[in-house]
Amino acid sequence: MKRSKKVVLCVLAAAAVTAGCGNGKEDVQETTTAAETTAEETQAQVQEATVTLGEYMGLKIQEPDITVTDEDVETQIGYVLSYNPEEIEITDRPAQEGDVVNIDYVGMKDGEAFQGGTAAGYDLELGSGSFIDGFEDGLIGANVGDELSLDLTFPENYGNTELAGQAVVFDVTVNSIKEQKDAELTDEFVQKVSQTSKTVEEYRAEVKKTLEDNAKENAEYQKQNDVMEQLLATSTFTGLDTQVDMELELQMEEMEAALKQSGMTLEDYATMFGMDEGSFKDYMRSDIESNIKVSLIAKEIADKEGLEVDDEARMAIAVTYGLDSPDELIASYGQDAVDQAARNVMVMGFLVENAKIE
């Protein structure tokens, strides 16, 4: 589902000239003003790309299978059980791998606490790999009430360059130890994880209904994606490279400014996604190009067919983000970006309605 939504939703970030779909709205709000000024100046000097549409009526697409089996239901319930294990308080033995320890800790570099290295009442599963090498291993064998000092070194490729490769000391206090055991599907368990079901039978029906709803939603996104991918393949574009290069430059400037405030470089950020700086920029350029193409197609079809963005279309975008209204999106990304995304959704819906579904 995420992949199908991406072609619609990332246009918000692209249109607002933000640092990309993966970044939080806080970063967008902090840096948008300067970017908008730069964008307006640059766009005034660049002729926008245009599209010549391929045939868009009567596209052939497959109807996705939305069947939910009893096996699917049991598999989903198994996931829920595994993510909600029973926890038993341990007082008569040391911590071992797989236990959840509740800890307070303070991380220090050169004798001073560093930012982001302190927490109280933190639940950590030993063996989860959540912390840097040596931290979790250092707590195996500890008892409730123990106070430990862990001499550790951050990895060389750590995201924060000020800590990468640096020797630090974590002072840790073990508050409690809990053993995790597989949960059992009982009425009591159901009442812990469900807001509506009271019994196992009711819960199975609830899970099946949820899976069916998700399957229907995924099917609609898949059909929208299918018609747009066909149209992308048959349409031709002019002046695209210049506009893509402009957007890439603006987004890279915004991203580097935001990362600098966090003490990171673009190279650090790319490493977090398993890429070097060059391949990350290539990925961003491809993403921007796809977003621009989709928006050009959507605008052209909307103009030809007289499709106008309305409150219902804007609300559809808000719902996708789990919001009750589009106001927050408009405040973060701007009216034009939200309307552009809403138009994309409207047009893809129109294409599906006029497609030949097999």
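In what follows, every heavy atom counts, from backbone to side chain, and hydrogens, waters and symmetry copies are set aside.
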Handout entry: Side-chain ion pair, Glu308 and Arg343, N-O less than 4.0 Å
Key = no

Exercise for the section: Name the orientation class of the two ring planes belonging to Tyr105 and Phe135 (parallel below 30°, tilted from 30 to 60°, perpendicular beyond 60°). Expected result: perpendicular

Problem - Joint cluster assignment, Met252 & Met264, ILVMFWY side-chain distance < 4.5 Å - result: yes

Practice task
Report the C-alpha distance between Met255 and Met284 in whole Å, list the side-chain angles of each, state the deciding distance to 0.1 Å, and finish with yes or no for side chain to side chain contact (heavy atoms under 4.5 Å, CB included).
Solution key: CA-CA 11 Å; Met255 181 173 289; Met284 288 289 294; 4.2 Å; yes

Handout entry: Closest contact, heavy atoms only, Gln180 versus Gly98
Key = NE2-O, 3.2 Å

Exercise for the section: Give, for atom CD of Gln166 and atom OG1 of Thr161, the distance between the pair rounded to the nearest 0.5 Å. Expected result: 9.5 Å

Practice task
Using a cut-off of 6.0 Å, state whether more than 12 heavy atoms not belonging to Glu89 lie near its atom CD.
Solution key: yes

Handout entry: Residues Arg93 and Glu179 bridged, charged N to O under 4.0 Å
Key = yes

Practice task
For the residue pair Asp187 and Thr199, confirm or rule out a side-chain donor-acceptor distance under 3.5 Å.
Solution key: no

Fill in the blank from the handout: Heavy atoms of Leu81 and Glu184 approach each other most closely as CD2-C, 3.9 Å

Problem - Residue pair Gln335 / Asp339, side-chain donor-acceptor N/O under 3.5 Å - result: yes

Practice task
Answer yes or no: does atom CD of Glu201 have more than 12 heavy-atom neighbours from other residues, nucleotides or ligands under 6.0 Å?
Solution key: no

Exercise for the section: May I ask you to decide if the ring planes of Phe273 and Tyr269 are parallel, tilted or perpendicular, using 30° and 60° as cut-offs? Expected result: perpendicular

Problem - Between Asp226 and Gln222: side-chain donor-acceptor atoms closer than 3.5 Å - result: yes

Exercise for the section: Before accepting this row, confirm whether a basic side-chain N of the pair Glu277/Lys281 lies closer than 4.0 Å to the acidic partner's carboxylate O. Expected result: yes

Problem - CG-CD1 distance between Asp99 and Ile90, expressed to the nearest 0.5 angstrom - result: 6.5 Å

Handout entry: Straight-line distance of Met348 CE to Leu231 CG, nearest 0.5 Å
Key = 10.5 Å

Handout entry: side-chain hydrogen bond (donor to acceptor under 3.5 Å, both in side chains) partner of Ser197, the single match among Arg204, Glu206, Glu202, Gln191
Key = Glu206

Practice task
Let me know which of Glu217, Glu63, Glu229, Glu353 forms a salt bridge (charged side-chain N to carboxylate O under 4.0 Å, His left out) with Lys223.
Solution key: Glu63

Exercise for the section: Could you verify whether a donor N or O on one side chain and an acceptor N or O on the other, from Tyr56 and Glu300, lie under 3.5 Å apart? Expected result: no

Exercise for the section: Establish, from distance only, whether the side-chain atoms of Asp268 and Thr265 form a donor-acceptor pair under 3.5 Å. Expected result: yes

Fill in the blank from the handout: Tightest non-hydrogen contact, residues Ser295 and Gln340, listed as OG-NE2, 2.7 Å

Problem - Glu136 side-chain N/O to Gly129 backbone N/O, donor-acceptor pair under 3.5 Å - result: yes

Exercise for the section: Test Ser279 against Asp276 for side chain to side chain donor-acceptor pair (under 3.5 Å), laying out the working first. Expected result: CA-CA 6 Å; Ser279 59; Asp276 58 27; 2.8 Å; yes

Practice task
For Asp104 and Ala120, work out which heavy atoms get closest and say how close.
Solution key: OD1-CA, 3.2 Å

Practice task
Supply the atom-to-atom distance Asn175 CG to Asp146 CG, rounded to the nearest 0.5 angstrom.
Solution key: 11.0 Å

Handout entry: SB check Lys178 Asp123 (cutoff 4.0 Å)
Key = no

Handout entry: Polar side-chain atom of Ser128 near backbone of Leu124 as donor-acceptor pair, under 3.5 Å
Key = no

Practice task
Locate the shortest heavy-atom distance separating Leu53 from Ser235; write the atom from each residue and the value.
Solution key: CA-OG, 3.7 Å

Practice task
Treating Ile, Leu, Val, Met, Phe, Trp and Tyr as nodes and any side-chain heavy-atom pair under 4.5 angstrom as an edge, say whether Val51 and Leu232 lie in one connected cluster.
Solution key: yes

Practice task
May I ask you to decide if the ring planes of Tyr321 and Tyr333 are parallel, tilted or perpendicular, using 30° and 60° as cut-offs?
Solution key: tilted

Practice task
Flag the pair Asp213 and Lys209 as a salt bridge only when some basic side-chain nitrogen lies within less than 4.0 angstrom of an acidic carboxylate oxygen.
Solution key: yes

Exercise for the section: Could you state whether Ile88 and Val101 fall into the same hydrophobic cluster, counting links through intermediate Ile, Leu, Val, Met, Phe, Trp or Tyr residues with side-chain heavy atoms under 4.5 angstrom apart? Expected result: no

Problem - Chi angles and distances behind the side chain to side chain contact (heavy atoms under 4.5 Å, CB included) call for Ile77, Val73 - result: CA-CA 6 Å; Ile77 290 175; Val73 172; 3.9 Å; yes

Practice task
Step through the shown structure and confirm whether more than 12 heavy atoms of other residues, nucleotides or ligands are within 6.0 Å of CD on Glu358.
Solution key: yes

Exercise for the section: For residues Tyr122 and Asn102, determine if any side-chain heavy atom of one lies less than 4.5 Å from a side-chain heavy atom of the other. Expected result: no

Fill in the blank from the handout: Here the gap from Leu323 atom CG to Ile330 atom CD1, rounded to the nearest 0.5 Å, amounts to 11.0 Å

Exercise for the section: Please answer: with hydrophobic residues joined when any side-chain heavy atoms are less than 4.5 Å apart, are Phe154 and Leu152 in the same cluster? Expected result: yes

Exercise for the section: Answer yes or no: does atom CD of Glu267 have more than 12 heavy-atom neighbours from other residues, nucleotides or ligands under 6.0 Å? Expected result: no

Exercise for the section: Begin with the C-alpha distance, continue with both residues' side-chain angles, and end with the deciding distance and a verdict on side chain to side chain contact (heavy atoms under 4.5 Å, CB included) for Glu55 and Thr234. Expected result: CA-CA 7 Å; Glu55 179 57 51; Thr234 59; over 6 Å; no

Practice task
Answer yes or no: does atom CG of Asp303 have more than 12 heavy-atom neighbours from other residues, nucleotides or ligands under 6.0 Å?
Solution key: yes

Exercise for the section: Report yes or no: do Met272 and Phe131 belong to one cluster of Ile/Leu/Val/Met/Phe/Trp/Tyr joined by side chain heavy-atom distances under 4.5 Å? Expected result: no

Practice task
Identify whether the distance between the nearest side-chain nitrogen and carboxylate oxygen of Glu289 and Arg285 falls below 4.0 Å.
Solution key: yes

Exercise for the section: Taking all non-hydrogen atoms of both residues into account, name the closest pair between Ala167 and Thr153 and its distance. Expected result: CA-OG1, 4.2 Å

Practice task
Hey, could you give me the CG/OG distance between Asp327 and Ser332, rounded to the nearest 0.5 Å?
Solution key: 11.0 Å

